[in-house]
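Lettering of chains follows the sequences in order, A, B, ..., and the numbering in each one begins at 1.
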Protein chains: 2
Amino acid sequence: MHTIESTTGLRERKKRRTREALVRCAQELFALQGYEGTTVDEIAAAADVSQRTFFRYFAGKEDVALAVQRMIESHILAAVCARPAAEPPLTALRSAVVECWDGIGEAIESVVPLELYVRTYRMIQETPQLLAAHLRRLAELEDRLTDEIARREGLPAEDPRPRILVAAFSGVMREVGKRWGDLLDGDMEGFRQRTAAYLDQIGPALAENWRS
Amino acid sequence: MHTIESTTGLRERKKRRTREALVRCAQELFALQGYEGTTVDEIAAAADVSQRTFFRYFAGKEDVALAVQRMIESHILAAVCARPAAEPPLTALRSAVVECWDGIGEAIESVVPLELYVRTYRMIQETPQLLAAHLRRLAELEDRLTDEIARREGLPAEDPRPRILVAAFSGVMREVGKRWGDLLDGDMEGFRQRTAAYLDQIGPALAENWRS
DNA sequence: GAGATTATGGCAGCCGCTGACACTCGACAA
DNA sequence: TTGTCGAGTGTCAGCGGCTGCCATAATCTC
């Protein structure tokens, strides 16, 4: 039962453990006393390192709060890139996001309990500073997804259609995510169905007239 | 030639002038030495007030950098709300944004020179912290636009179609805005045409298959 | 094991931001 | 005009996020 850890040096293993300890301690403290109510010194002390060391692992307090989000984003991007080239763009996005959800759940659990993460997610939506940083990252993810769609379809970078499609897709995912945070439970299956249902509304939403 | 100023008290006029002086000084300093290279103390000193007073006018350094953006956002929202109820949703958004552009140009010029604002706009795109705050505000604008569209169409808040439409629209506007910043000139007419052309791509972008 | 490399801690300091308090000056009535 | 009231301002002290610098301690390489 040799994992990757046993093959790497002691140094890297220690770094990895320190990093994960910081993420876990941070999320626990955030859950207890809120984001602004928690100082970096407290997080560092809880993980038993100096404040200076904290800033060697994370660019800032925001960064540690969004650490898990970053993982999720890279999972989604990878899943889209893995879709067969024959699929139409929207189908690829939809399939990727629906399929990779289980993997994401596991990836989260390997760092923090799912329930704790849900609390963090809600905190991100409610804290202006964190929401801003989160949206900026999502914009970056949109850029990458746009590039990937354009590549799949063999389109030049000037073609606006990939960007528009990704924007609509991303808007739907933001909305779905918001509702997931409200639910507070980790009901993955129900969430997947809701995601699919919302994505099916993209076509109708752009119809000329909804009243007919 | 009595303007609004002459009808309000001296006190309010002074406040207004101080606020605008802070915005103008801030933008000039940002243009000269960048966002991070400019301290709040410098801005306050340039506007001849204390640092403490600066923070009575603006919630933070971000806030003064995005002051003009906020004006633009409220213009757009107002323009959408003013569209006749008979127009289909996307038409209303498109018409509003195309039509209100001149008014926005004038509103900007009344506070800072247009050329200086263009520099500020580029700075926002390039400075992570500012971009994040900007995107958060755009998300709020999306919320308001979504509500307005749902209201116009008489739809319940759960219907995802307004949100999706606004997301696609907003994605297009972000992209157009990005290119406007790159151009660096204040060519409003060309910009309006480009906006219209991009918005016309929303339909095609959602087609099942682009290759046909 | 010696030396090179890398992670860590402690310190000093800048900057964004806030609360508390005193002061100035415009607003408004007597 | 004058006196009072309150809004706007400046000053000061202080917290918390964040960084550069240097010394120390841990790991890696040979």
Side-chain angles (χ1 to χ4, degrees), chain A residues 5-23 25-27 29-30 32-67 123-124 127-133 136, chain B residues 4-23 25-26 29-30 32-67 123-124 127-133 136:
Chain A
E5 291 189 9
S6 61
T7 66
T8 59
L10 169 61
R11 218 168 204 152
E12 285 193 43
R13 263 180 290 156
K14 250 186 159 175
K15 269 172 68 177
R16 182 183 179 85
R17 268 191 296 149
T18 304
R19 189 189 160 84
E20 287 178 356
L22 281 169
V23 172
C25 292
Q27 303 220 16
L29 286 169
F30 290 156
L32 283 176
Q33 35 191 42
Y35 178 73
E36 274 127 7
T38 305
T39 66
V40 173
D41 294 79
E42 287 173 321
I43 299 170
D48 212 54
V49 294
S50 71
Q51 190 221 46
R52 194 65 189 83
T53 295
F54 172 91
F55 284 110
R56 288 197 176 94
Y57 281 88
F58 298 97
K61 204 166 79 162
E62 286 176 13
D63 208 25
V64 71
L66 298 174
M123 180 186 73
I124 292 171
T127 309
Q129 184 189 155
L130 288 180
L131 180 57
R136 189 178 67 79
Chain B
I4 296 175
E5 289 189 9
S6 59
T7 67
T8 60
L10 170 60
R11 225 173 192 134
E12 284 192 43
R13 263 179 290 155
K14 249 185 160 175
K15 266 172 70 177
R16 184 184 178 83
R17 268 191 294 149
T18 304
R19 190 189 159 84
E20 287 177 358
L22 282 168
V23 173
C25 291
L29 285 169
F30 290 157
L32 282 175
Q33 35 191 43
Y35 179 73
E36 275 127 6
T38 304
T39 67
V40 173
D41 293 80
E42 288 173 320
I43 299 170
D48 212 52
V49 294
S50 72
Q51 190 219 47
R52 195 65 187 83
T53 295
F54 172 92
F55 284 109
R56 288 196 176 96
Y57 281 89
F58 299 97
K61 202 165 82 163
E62 285 176 14
D63 208 26
V64 70
L66 298 175
M123 180 185 74
I124 293 171
T127 309
Q129 187 189 152
L130 288 182
L131 180 57
R136 188 178 67 78

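- Ionic pairing of A/Glu12 and A/Arg16 is not present here: no N-O contact between side-chain nitrogen and carboxylate oxygen is shorter than 4.0 angstrom.
- Applying the side-chain hydrogen bond (donor to acceptor under 3.5 Å, both in side chains) criterion to A/Asp48, with sequence neighbours excluded, gives no partner residue.
- Side-chain proximity of B/Thr39 to C/dA27, C/dC15, D/dG10: nearest is C/dC15.
- Across B/Val23 and B/Val64, no two heavy atoms sit closer than the pair CA-CG2, 3.9 Å.
- Nucleic acid contact for A/Tyr57: sugar-phosphate only, since backbone atoms but no base atoms lie under 4.0 Å from a heavy atom of the residue.
- Note: CG (A/Asp48) to C1' (C/dA7) measures 15 Å, nearest angstrom.
- For the pair A/Ser50 and C/dT8, the criterion of a side-chain N or O lying under 4.0 Å from OP1 or OP2 is not met.
- As a whole-Å value, the separation of B/Phe55 CZ from D/dT11 C1' is 15 Å.
- Protein atom CD of B/Gln51 is 11 Å distant from nucleotide atom P of C/dC15, rounded to whole Å.
- In terms of polar N and O atoms assigned as donor or acceptor, the side chain of A/Arg52 comes within less than 3.5 Å of the base of D/dG20 in a complementary pairing.
- Contact between B/Leu22 and B/Ala47 at its shortest, heavy atoms only, is CD2-CB, 3.5 Å.
- Distance CZ (B/Phe54) to P (C/dT18): 11 Å, rounded to an integer number of Å.
- Each of B/Tyr35 and B/Arg11 was assigned the nucleotide of DNA chain C with the nearest heavy atom; the assignment lying further toward the 5' end belongs to B/Tyr35.
- A donor-acceptor contact shorter than 3.5 Å links the side chain of A/Tyr35 to the backbone of A/Glu62.
- In this structure, A/Asp41 atom CG and D/dG17 atom P are separated by 7 Å, rounded to whole Å.
- Counting to the nearest Å, the P atom of D/dG17 and the CG atom of A/Asp63 are 14 Å from each other.
- Listed pair A/Lys61 / D/dG16 fails the phosphate criterion, with no side-chain N or O lying under 4.0 Å from OP1 or OP2.
- In this structure, A/Leu130 places its CG atom 14 Å from C1' of D/dG17, rounding to the nearest Å.
- What separates CD of B/Gln129 from C1' of C/dC15 is a distance of 12 Å, to the nearest Å.
- Remark on DNA chain C: of its neighbouring residues B/Glu36 and B/Arg56, the 5'-side contact belongs to B/Glu36, judged by nearest-heavy-atom nucleotide.
- Residue B/Lys14 has no polar side-chain atom (N or O) positioned under 4.0 Å from OP1 or OP2 of D/dG8.
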